[in-house]
Amino acid sequence: MVGRFFHSQGAQESSTSDVLAQQKILRLDKYEAKNGQASGEEQKVADSGPDFVAERVALHRYLLERINLSILDTMEADEVREELRPLVRNYVKENNLPLNAAELDTLISDIGDEMLGLGPLEPLLADDTISDILIVGAGTVYVERFGKIELTRVRFKDEAHLMRIVNKIVAAVGRRVDESAPLVDARLQDGSRVNVAVRPIAVDGPQVSIRKFSRNPLSLQKLVSFGALAKGMAELLAAAVEAKVSIIVSGGTGSGKTTVLNALSSFIPHDERLVTIEDAAELQLQQPHVVRLETRPPTVDGRNEVLQRDLVKNALRMRPDRIIVGEVRGPEAFDMLQAMNTGHEGSMSTIHANSPRDAIARIEQMVGMAGMPMTQTAIRSQISSAVHLIVQLARLRDGTRRVVSISEIVGMEGDVVQLQELMLFKKIGLEEDGKIKGEFRASGLRPSFIEDLETMGIHLDPQIFNPSGPL
Ligand SMILES: Nc1ncnc2c1ncn2[C@@H]1O[C@H](COP(=O)(O)OP(=O)(O)OP(=O)(O)O)[C@@H](O)[C@H]1O
Ligand SMILES: [Mg+2]
């Protein structure tokens, strides 16, 4: 059977799409040659391992000569594999390759991935238990599962192979990566966030870090069931979000900030207009009325950059009820505080900081970056009137991610922002298996906005503020 994406064998006339496909093949060949994929090199790799790498590369070529590439993009992966099957079988037969049925299936599946998607990364992308994929050069790929990093057997044929995949990723978002632009952020089609660093910045070859987009984002309830926070904490936070208490989620890299922000957002009433601002859209708000804005990096010649700050300013002209900034990292902190202080209570963001006190210091420093003529005391009083709650997250040594503190900003004393811890995670010791033992506790202090909650008809169980036992 001649599949619908194959060139008809032996036909003399060539249609426009055939010509286009030929051109694409030529370009691909040129590209491979440029990346050092000469056949001599292929042979060397094949000799060094039993995994038919050389055959695979040759097979790849064989298929490219027979496939109308221009139609590949329009087909589903399974369809492509089915269309590839007879061709691969032919090739295996013609070349007397000693493959059994299972090996043939694996080869077809691999070659399908290779031609369509992101090659060796495909199985990792398809595995929902993996949260991060970390490529440390062509020969080493780690993943993170359940908070722990593990080494995989996945590898790339060589650096050129990895670079081809990397280029595919960044080209899809209109960027390029090479010596002159060695650091690039990109996004996969499914929303996964990608950071790429290549030589000369990355000394040992291409480094790729992928934070996978979670298809089923964790709800606050799920986070409670994982032990990331106590039920009483979740109740307090849910009530605070509904009542438009402005919240900053603080934590280190990969501590779960975006996850918690996303989970909290589900308690925003559905009749509000929300504007989200992110560097790479990760948030998955469930409300019907959401305007999503994303920053834009500068073009190759350094033009047309759109910063978070531009977007926060713009958001204020869009009549939002709340503004949600994925992560404040710079001078947009100033505009965000303005927004929170001028009728956009309930706005939320995350910040990279290791404690609530540190979060305040970071905001202060970032507001300073906006270059406004403000005294330190003025900045601090802006912070204390704009931000109400700081939710501190941490990734603990045993790999678990937890809410380690919920603190309230209660005002200023002199020129110091006053913080009160309402709830916390208290470490008690270590389990035998190295897991950290601990419990969530209330401090005994009640939030100052509790009366506001009551007047809004939101009643919290007083027991959640009882410090005499675990929450
Ligand atoms: N409590 C949790 N239990 C298990 N996995 C979690 C938990 N919280 C978050 N994760 C997972 O950890 C990974 C990192 O989470 P997330 O992206 O929210 O972190 P982050 O602090 O925003 O990271 P970054 O600093 O890179 O922006 C995600 O894959 C997420 O699904
Ligand atoms: Mg994040």
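Atoms within each ligand, like the ligands themselves, are counted from 1 in listed order.
Assignment of R193 to the shell around ligand 1 is supported, since a heavy atom sits closer than 4.0 Å. Ligand 1 lies out of reach of G227, whose nearest heavy atom is not under 4.0 Å from it.
Looking only at protein heavy atoms, the nearest one to atom 29 (O) of ligand 1 is S131 CB, 2.9 Å. Nearest protein heavy-atom neighbour of atom 20 (P) of ligand 1: K257 N, 3.5 Å. Atom 17 (O) of ligand 1 has as its closest protein heavy atom R211 NH1, 2.8 Å. The protein atom (non-hydrogen) at minimum distance from atom 4 (C) of ligand 1 is F226 CD2, 4.1 Å. For atom 22 (O) of ligand 1, the nearest protein heavy atom (residue, atom name, distance) is T258 OG1, 2.7 Å. Regarding atom 9 (C) of ligand 1, its nearest protein heavy-atom neighbour is T259 OG1, 3.4 Å.
Side-chain contact annotation: S405 with S407, donor-acceptor N/O pair under 3.5 Å present.
Considering backbone and side-chain atoms alike, G254 places an N or O below 3.5 Å from some N or O of ligand 1. For ligand 1, the polar-atom distance check against G256 finds a nitrogen or oxygen pair separated by under 3.5 Å. Polar contact check, E282 against ligand 1: no nitrogen or oxygen pair lies under 3.5 Å apart. For ligand 1, the polar-atom distance check against S214 finds no nitrogen or oxygen pair separated by under 3.5 Å. Residue T253 has no nitrogen or oxygen atom sitting less than 3.5 Å from a nitrogen or oxygen atom of ligand 1, judged on distance alone.
Under the 4.0 Å criterion applied to side-chain N and carboxylate O atoms, E439 and R441 are assigned as salt-bridge partners. Contact check on R193 versus D185 returns no salt bridge, with no Lys/Arg side-chain nitrogen under 4.0 Å from an Asp/Glu carboxylate oxygen. Checked for salt-bridge contact, R211 and D132 meet the test: a charged N lies under 4.0 Å from a carboxylate O. Salt-bridge annotation for R199 and E159: present, with a side-chain N of the basic residue lying under 4.0 Å from a carboxylate O of the acidic one. Ion pairing between a basic and an acidic side chain is recognised when a charged N comes within 4.0 Å of a carboxylate O; E408 and R446 show no such pairing. Electrostatic pairing of D127 and R145 counts as a salt bridge here, judged by a charged N lying under 4.0 Å from a carboxylate O. Classification of E235 and K231 as a salt-bridged pair holds, one side-chain N sitting under 4.0 Å from a carboxylate O.
Every atom of ligand 1 is numbered from 1 in the order shown, and the set under 4.0 Å from a heavy atom of G252 is 21 (O). Taking every heavy atom of A228 and a limit of under 4.0 angstrom, the matching atoms of ligand 1 come to 1 (N).
The number of heavy-atom neighbours closer than 6.0 Å to CD of Q189, taken from other residues, nucleotides and ligands shown, is 12 or below.
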Decide side chain to side chain contact (heavy atoms under 4.5 Å, CB included) for F449 and L389; before the verdict, give the C-alpha distance in whole Å, the side-chain angles of both, and the deciding distance to 0.1 Å. CA-CA 10 Å; F449 51 83; L389 272 188; 4.0 Å; yes
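Distance check, rounded to the nearest 0.5 Å: CD1 of I277 to CD of E294 gives 11.5 Å. Here CG of L337 is found 10.5 Å from CD of E332. Values are rounded to the nearest 0.5 Å.
Proximity annotation for atom 5 (N) of ligand 1: of R395, R402, R401, R401 comes nearest, heavy atoms only.
With a 4.0 Å heavy-atom cut-off, ligand 1 is reached by no atom of K212. Contacts of L223 with ligand 1, taken as heavy-atom pairs under 4.0 Å, involve the side chain alone.
For a distance bound of 2.8 Å, the N, O or S atoms of T258 include one lying that close to the Mg ion (ligand 2).
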